[in-house]
2 protein chains.
Amino acid sequence: MGRWEPNSKGRLQDAALTLFCERGFDQTTTAEIAARAGLTERTFFRHFTDKREVLFGGHELLRTLIIKAVEDAPPQYGAFRAVLAGVDAAAVQLGSFRRDLSRQRRLVIAANPELRERELAKLDDYAGAVTAALKVRGIDEPTAHLMASLALTLLHLGLKHWTSEVDDQTLVEVVHRYTENFRAEIAKNQ
Amino acid sequence: MGRWEPNSKGRLQDAALTLFCERGFDQTTTAEIAARAGLTERTFFRHFTDKREVLFGGHELLRTLIIKAVEDAPPQYGAFRAVLAGVDAAAVQLGSFRRDLSRQRRLVIAANPELRERELAKLDDYAGAVTAALKVRGIDEPTAHLMASLALTLLHLGLKHWTSEVDDQTLVEVVHRYTENFRAEIAKNQ
DNA sequence: TGACTGATGTCAGTCACTGACTTAACTATA
DNA sequence: TATAGTTAAGTCAGTGACTGACATCAGTCA
């Protein structure tokens with residue numbers, strides 16, 4: 001056995017989610033989270049840049065996943081289809097998580113404005129990466145930005161539905177339905 | 001003359017923008033802003049819920065303006081056109097501000113992640129309001145959300161261009177150009 | 001064996017933000 | 001006109017997120 005219990009970061013994340021569910025985000029101090037994980041507050045801030053960040057693990061992984069899907073989309077795909085390939089990849093990944101944990105996390109975030117703000121920032125970070133990937137495919141900057149933003153909104157919406165509703169659709173199916181409705185509405189062009 | 005100098009809120013906003021430009025957001029304390037405005041820190045927090053908020057005055061006004069434009073769009077307009085009417089209204093309003101002040105503000109926000117986060121939250125707030133207005137027009141929730149998000153991204157992009165570039169286009173013109181490019185790209189549908 | 005590393009602890013500090021209470025000019029009303 | 005209420009501030013004493021500097025000590029490597 002090592003000098004310390006292993007996986008301190010993961011223990012902090014688990015402790016935080018549990019406490020946030022029990023008492024709420026504001027009613028939980030970083031010292032309490034650390035104590036529950038058998039660590040000190042100072043160590044919490046070595047693993048996470050701030051209190052909110054503890055809820056957003058796995059963020060970089062998802063970003064690289066999306067980007068890769070956009071980059072690897074068939075070269076004849078335009079911006080819209082390329083970006084949808086990215087959304088699909090993310091939806092498959094997110095849809096493979098335990099739905100109940102995703103729902104817990106969503107409830108905590110929904111209950112707190114600061115956390116919603118951070119979630120938007122994460123989405124924007126993804127969107128920035130997707131924009132860059134689209135530019136490599138020859139799309140002009142503003143259009144790339146709009147497509148990226150559209151894609152992430154789509155994913156976000158789908159995730160909200162998937163974690164709140166109790167129907168049989170997979171996350172991917174939900175996203176596809178939303179996409180088609182949107183495309184039809186734009187095509188009307190009136 | 002009244003007991004206090006008038007327009008304390010405005011003085012705080014001016015003092016904040018000046019200090020943020022001089023030293024940066026992080027290097028300025030709320031006490032310093034208050035002192036420069038001839039007030040105390042406690043009063044700062046009576047006017048603004050937090051330090052960042054001092055940079056986002058006029059927010060409610062712009063929101064009602066956008067919503068009204070969406071609501072007042074001709075009934076035969078679909079979601080896309082209705083939402084573009086909202087963008088136009090906002091662009092006209094924002095485009096009427098002094099470009100140099102808008103640029104100052106943009107530089108401060110761009111230099112600080114917390115401020116960018118708050119700006120995204122404001123955009124999301126607008127988007128939520130626009131979504132509601134679209135639902136009244138009979139648009140289904142997810143499509144309304146996507147259209148609203150698209151509109152606000154368009155506005156945000158245009159504003160970034162308008163405050164950074166030095167060309168002759170008005171904000172409204174910039175937004176229209178972006179819109180057309182985007183519509184064309186989606187219409188390709190490949 | 002001894003120097004080095006790396007994850008953690010300890011401690012003291014700064015600063016955003018809040019609650020409770022106070023102050024004094026303005027306003028309305030008896 | 002006196003008085004009571006309102007309002008926009010000030011004062012003060014917190015709490016808690018976050019940081020920098022330094023200490024510890026099991027494991028590793030020369």
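Lettering of chains follows the sequences in order, A, B, ..., and the numbering in each one begins at 1.
- A heavy atom lying under 4.0 Å from DNA chain D marks the following residues of residues 7-26 of chain B, by number: B:Ser8.
- Protein atom CZ of B:Arg52 is 11 Å distant from nucleotide atom C1' of C:dA16, rounded to whole Å.
- Residues B:Asp50 and B:Arg118 are paired through a salt bridge, judged by an N-O separation under 4.0 Å between the basic side chain and the carboxylate.
- Distances shorter than 4.0 Å separate some side-chain N or O of A:His47 from OP1 or OP2 on C:dT8.
- The pair A:Glu32-A:Arg23 meets the salt-bridge criterion, with a side-chain N (NZ, NE, NH1 or NH2) lying under 4.0 Å from an Asp/Glu carboxylate O.
- The side chain of A:Trp4 approaches C:dT8 more closely than any other nucleotide in the set C:dT8, D:dA17, D:dA8.
- For A:Thr40, taking side-chain heavy atoms from C-beta onward, the closest of the listed nucleotides C:dG9, D:dA9, D:dG16 is C:dG9.
- Using a 4.0 Å cut-off between charged nitrogen and carboxylate oxygen, B:Glu141 and A:Lys160 do not count as a salt-bridge pair.
- In this structure, B:Thr29 does not reach the C:dC15 phosphate: none of its side-chain N or O atoms is under 4.0 Å from OP1 or OP2.
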Measure all distances between protein nitrogen or oxygen atoms and nitrogen or oxygen atoms of nucleotides 20-23 of chain D, and list the pairs falling under 3.5 Å.
residue	atom	partner	partner atom	Å
D:dG20	N7	A:Arg42	NH2	2.9
D:dG20	O6	A:Arg42	NE	2.7

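- Using a distance-only test at 3.5 Å, with no hydrogens or angles considered, no donor-acceptor pair links the side chain of B:Lys188 to the main chain of A:Ala79.
- Taking a cutoff of 4.0 Å between a charged side-chain nitrogen and a carboxylate oxygen, B:Lys122 and B:Glu119 do not qualify as a salt bridge.
- With hydrogens and angles ignored, the 3.5 Å screen pairs no side-chain donor or acceptor of B:Arg81 with any backbone N or O of B:Gln76.
- Between B:Phe45 atom CZ and D:dG16 atom C1' the separation is 14 Å, expressed in whole Å.
- Rounded to whole Å, atom C1' of C:dG9 lies 10 Å from atom CG of A:Leu39.
- Going from atom CD of A:Glu5 over to atom P of D:dG27 covers 13 Å, rounded to whole Å.
- At whole-Å resolution of the value, CD1 in B:Ile33 and C1' in C:dC15 are 12 Å apart.
- A:Phe56 carries A:Arg105 over the face of its six-membered ring, with the cationic atom under 6.0 Å from the centre and within 45° of the normal.
- In this structure, B:Glu41 places its CD atom 7 Å from C1' of C:dA16, rounding to the nearest Å.
- The CD atom of B:Glu53 sits 10 Å away from the P atom of C:dC17 (whole-angstrom rounding).
- A search for side chain to side chain donor-acceptor pair (under 3.5 Å) contacts involving A:Asp100 returns A:Arg98, not counting sequence neighbours.
- Summarising the base pairing, D:dA30 is matched to C:dT1 through a Watson-Crick or G-U wobble pair whose two defining distances lie under 3.5 Å.
- The existence of a salt bridge linking B:Glu60 and B:Arg63 is excluded, since no basic side-chain nitrogen approaches an acidic carboxylate oxygen closer than 4.0 Å.
- Protein atom CG of B:Asp50 is 17 Å distant from nucleotide atom P of C:dC15, rounded to whole Å.
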